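Inspection log for the structure reproduced underneath, given as structure tokens.
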Amino acid sequence: MSEPKEYLSLDIPVNCSECGGRMIYKGVGEYACELCGALAYDDYGKVRNYIEQHPGATQSDVSAATGVSKAKIRQLLIEERIEVTPDSPIFMHCALCGADIRSGMYCSACATKVKQDEIHVAKVVREKQRKMGYASDYGKDAKGRRRFERQ
Ligand SMILES: [Zn+2]
Ligand SMILES: [Zn+2]
């Protein structure tokens, strides 16, 4: 289980509210006190638990119940760290077509399209390099240097 990402401030519990002991990360946003075993959750754990227990909750409900800001809940959804059920009133919109999605940035149709575009762009770039005459043996790290080596 990876540690929570640092740039997204998750309000991580550091000391036990019961005894002041150190909190140890257990995974999926859950922490346990190393002395008394009391459990605590970071913002991710709170949101995740609440959504699991209240599948019909709206984003405002989740925010009000957990104290986690809607912006942060949204960020967790975009990073696909939490996912809502298909019938949940919490939904995201595809960045391209605006369709309702459950997590991430794009709906599955647009995700496929974006991937194809990336492949297409890579192809165009390769083609361009070939025309410029220094990618015949397309070295992964040699493309910049080769231009200078050839007189
Ligand atoms: Zn404790
Ligand atoms: Zn879409």
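Keep in mind that this is a model prediction, so the values were computed, not measured. We count ligands from 1, going down the list as the structure has it; atoms in each ligand are counted the same way. All values below were derived from every heavy atom in this structure, side-chain atoms included, with hydrogens, water molecules and symmetry-related copies excluded.
With rounding to the nearest 0.5 angstrom, the CG atom of Leu10 is 5.5 Å from the CG atom of Asp43. We find the CD1-OG distance between Ile73 and Ser63 to be 4.5 Å, quoted to the nearest 0.5 Å.
Annotation: angle subtended at the Zn ion (ligand 2) by Cys97 SG and Cys94 SG is 110°, to 10°. Rounded to 10 degrees, the SG-metal-SG angle spanning Cys107 and Cys110 at the Zn ion (ligand 2) equals 100°.
Shown are the protein N/O/S atoms under 2.8 Å from the Zn ion (ligand 1), given by residue and atom: Cys16 SG, Cys19 SG, Cys33 SG, Cys36 SG.
Looking only at distances, no side-chain donor or acceptor of Lys26 sits under 3.5 Å from a matching main-chain atom of Leu39.
Checked for salt-bridge contact, Glu127 and Lys123 miss the test: no charged N lies under 4.0 Å from a carboxylate O.
The hydrophobic clustering, which links ILVMFWY residues whose side-chain heavy atoms are closer than 4.5 Å, places Ile24 and Tyr31 apart. Cluster membership for Leu35 and Ile12, using ILVMFWY side-chain heavy atoms within less than 4.5 angstrom, is not shared. Val68 and Val28 fall within the same hydrophobic cluster, defined by Ile, Leu, Val, Met, Phe, Trp and Tyr side-chain heavy atoms under 4.5 Å apart, directly or through other members.
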